[in-house]
Structures are given as C-alpha cells and as structure tokens.
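Proteins come first, then strands; the chains are lettered A, B, ... in the order of their sequence lines, and each starts at number 1. Quantities reported herein were computed from a predicted structural model and do not represent experimental measurements.
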Protein chains: 2
Amino acid sequence: MELKEGKEKFIQSWGTLGSHWGINRTMAQIHALLLVANEPLSANNIMDELNISMGNTNMNIRALIDWGLVFKELKPGERKDFYVAEKDMWEVVKRIITQRKKKELEPMLRVLDSISKVEGNSEEAEEFKKVVRDIQLFSSKADSTLENLIKADSNWFIGTFMKMIK
Amino acid sequence: MELKEGKEKFIQSWGTLGSHWGINRTMAQIHALLLVANEPLSANNIMDELNISMGNTNMNIRALIDWGLVFKELKPGERKDFYVAEKDMWEVVKRIITQRKKKELEPMLRVLDSISKVEGNSEEAEEFKKVVRDIQLFSSKADSTLENLIKADSNWFIGTFMKMIK
DNA sequence: TTGAGTTTTCAAAATTTACTGAAAAATAAA
DNA sequence: TTTATTTTTCAGTAAATTTTGAAAACTCAA
C-alpha cells in the first residue's frame, strides 16, 4: 500500500469511528488529517485536502480546539493560523471522556437525583425508586471511575491496569 | 414529583443518553419503559405508551433483543409476545461494550493493521507508521482491557476497581 | 484609514437517519 | 383447512443533522 492511500484510509476510518463516538465525521477527519500531517496545516490546506467548505472547516476546527484535540499554532511571519493535533492517544481519549462525561453523564445524574424523590409508597412507586437508585448507584460509580481515569496517566493505563485485571 | 411524571422523565432522559451511545432514541426509550414497567409489556403496550408505530416498535425491540438488553417472555395462554428489560446495569453496560467493540473497535484495528504496512521509508512514511503504530498499540490495549472488563463481574467493578484506583 | 487576506456566522440546502403505514408473512386457535 | 391475531418487512416520508455558500466581521500591513 502506498503512503497516500494509507493516509486516506486512515482519515476515512477515523472519521467513521469518530461518528460513532459523538464526534462528527468531518470533525474526526480533520483530526485524522492533522494526526498524519507532518507539519501544521492551515484551514485552507484542510479544506482542500478534505474537499469541504471553509465554513465547515472553521466550525469543526473550533470544536476540536474546544475539546482540546487540536491546537492553534502561529507561524512567525504568516498571516494564517495553523493547526496541529493532539497526538497522544491517552490524552485524546481523556479529553473525549471529559467532554462526554460533562455533556451526557452529568445531566443524567441530575435527572436521576430529581426522580429518585418521587412521591408515594405504593409497591409500584417503591419498585420505580429501586430501579432508579440502582442506576444512580451504578452511574455515580462510573462517574467517579472516569473522574479518576482522567486524572491517571498513560503509564498507569498501559502498565498497571492491564496487568491488574489479569 | 408524581410517579407518572418521574417515569416519563426517566424514559425521556434515558432516550437522550442512549442516542449519544449508539442506541437510537426510540430503542433507548423502549428499554427505559421496560426498565420501569412493573410487568412484561407487549408490543402494543409499548407503541401506545410511547406513541410510536408498530413497525418502529418491532424493529427496535428486535434490535434490543439482538443486543441482549431485552428478553422475550411468553405468557401462558397469551398469543402476544411480552418483553422485559435486562435490569442489571452492569450487564447492560457489558452488552453495550460488547456490541460496540465488535462493530467499531475491531474494524478500526483491522484498518490500522493493514495501513501499518505502508510502503516506503521516507521520513514522511516512517512518521506515518509511527503514528499508526502508536494508535494500534493503544487500541489493542483498550480492546483487551474491555475484553477483560466484560468478563469481570459487577462486584469487581463496584468493589475492587473503585478502591484500587483510589 | 484603507483594503487584502483571513476567520466567523448562519440561513438555506443537502444529506443522513429514523419512522410510518400498509401490505405480506407467520402463527396458532377454531 | 380457514380465519383472526400478531409479527415482520420495506418503500416512501418525515425529522434531524451536517454542510454549504455568501455575507459580515475581524486583523494587520501599507
């Protein structure tokens, strides 16, 4: 396989993977392109390379920066902004966990909290509360596990955790 | 808050959460409805409760059964099929991990494998291969971590793992 | 200032994904 | 069998999401 073809395949499948993980296809493709670029790219480079509009390019670059997956780099003497990707996979995963925990898990925890106080003590109400509290317990464990995970470092994950769970 | 309102809120937010996790809104809502139902429900019960069509109901129930999140239950003397949800959150999460690992992580691993053998030894090609191999290493660690996770039991997660990572 | 280059915004269009409704197939009681 | 009930399928439609394109807003050198 040729280098060019390899890069294209990578961009394509990173895009697909991303779209299943709350990162839209284009956003993930831009990240992929930057991952395999050997130098910082401008918005123009990106739109040419991926055949997407400037508006789309701009919006997704900004989302990537928001998520901490891409950084702006200013080249001295250049008017344009250039961009580079976060290449440390552990960092990438941590940032995605951080975002999704905030956007999805935490709102769910709030809802669970509010509905766990439902009125009534009919059997039906009690059963409902039991289901909710089970989920609440599990979710808050998951939440703090993830909280710990994003504080841990890469070596911990690659080394200790892997062995530990056998 | 009233029980009815609580159940509705739960179904609504479980739907939203699911839609961010590769489970479409309706599919997650059906699962939620079954989670808080105090008895097995028929397809008709479900379509009435959620105001969705029979076709939609049927397709999503079957997807849920496929995923192992819902089970069919036959009531003696009843012609209809009835359905109950998997209520053990640890099981639910394990089944979701299993599905998504198979559908998303594994295809990515195959692509990474194929492109890690890209031709050429220019500096650019070498850098590309390094990026790919880094991701490959990380992904296969993640893959086997998840593999172990889905073999582990709930107590391990709730008890040991939580304390362990402090 | 002015104006060329660059980035941002956002309504409208295109695309993708989910849902419906109606018909066909399956099931099982009569 | 026949018939009533239930489940499945899927083409067409609707809804949601993403992308474009063009204008507005910046930015900075001249």
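I61(B) places none of its side-chain heavy atoms less than 4.5 Å from the side chain of D81(B). Counting only heavy atoms from C-beta outward, the side chains of K80(B) and N44(B) approach each other to under 4.5 Å. Between E126(A) and K129(A) the shortest side-chain heavy-atom distance falls below 4.5 Å. Under the 4.5 Å side-chain criterion, counting only non-hydrogen atoms from C-beta, E39(A) is not in contact with F82(A).
Nearest heavy-atom pair across L35(A) and M89(A) is CD1-CE, 4.2 Å.
For the pair K80(B) NZ and dA4(D) C1', the computed distance is 12 Å after rounding to whole Å. We find that CG of N58(B) is positioned 14 Å from P of dT6(D), with the value rounded to whole Å.
Within the 4.0 Å cut-off from OP1 or OP2 of dT9(D), at least one side-chain nitrogen or oxygen of R62(B) is found.
Using a 4.0 Å heavy-atom criterion, one finds that N44(B) contacts no nucleic acid atom at all.
On the nucleic acid side, DNA chain C has its first and last nucleotide under 4.0 Å of a heavy atom of chain A at dA4(C) to dT9(C), going 5' to 3'.
Using a cut-off of 4.0 Å between Lys/Arg side-chain N and Asp/Glu carboxylate O, E127(B) and K130(B) are scored as not salt-bridged.
Computed from C1' positions of five pairs at each end, the angle between the two local axes of the helix from dT1(C)-dA30(D) to dA30(C)-dT1(D) equals 10°, rounded to 10 degrees.
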Worksheet entry | Letter per nucleotide, 5' to 3', of nucleotides 15-30 of chain D [B base touched, S only sugar-phosphate touched, - untouched; heavy atoms, 4.0 Å] | ---SSBB-----BB--
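Side-chain contact check for N45(A) and S42(A): at least one donor-acceptor pair (N or O, by modelled atom type) lies under 3.5 Å.
Counted within 6.0 Å of CD on E2(B), heavy atoms from surrounding residues, nucleotides or ligands total 12 or fewer; the atom is thus considered open.
Under a 3.5 Å cut-off, the side chain of K117(A) and the backbone N or O of M1(B) do not form any donor-acceptor pair. Checking side-chain atoms of E86(B) against main-chain N and O of V70(B) turns up no donor-acceptor pair under 3.5 Å.
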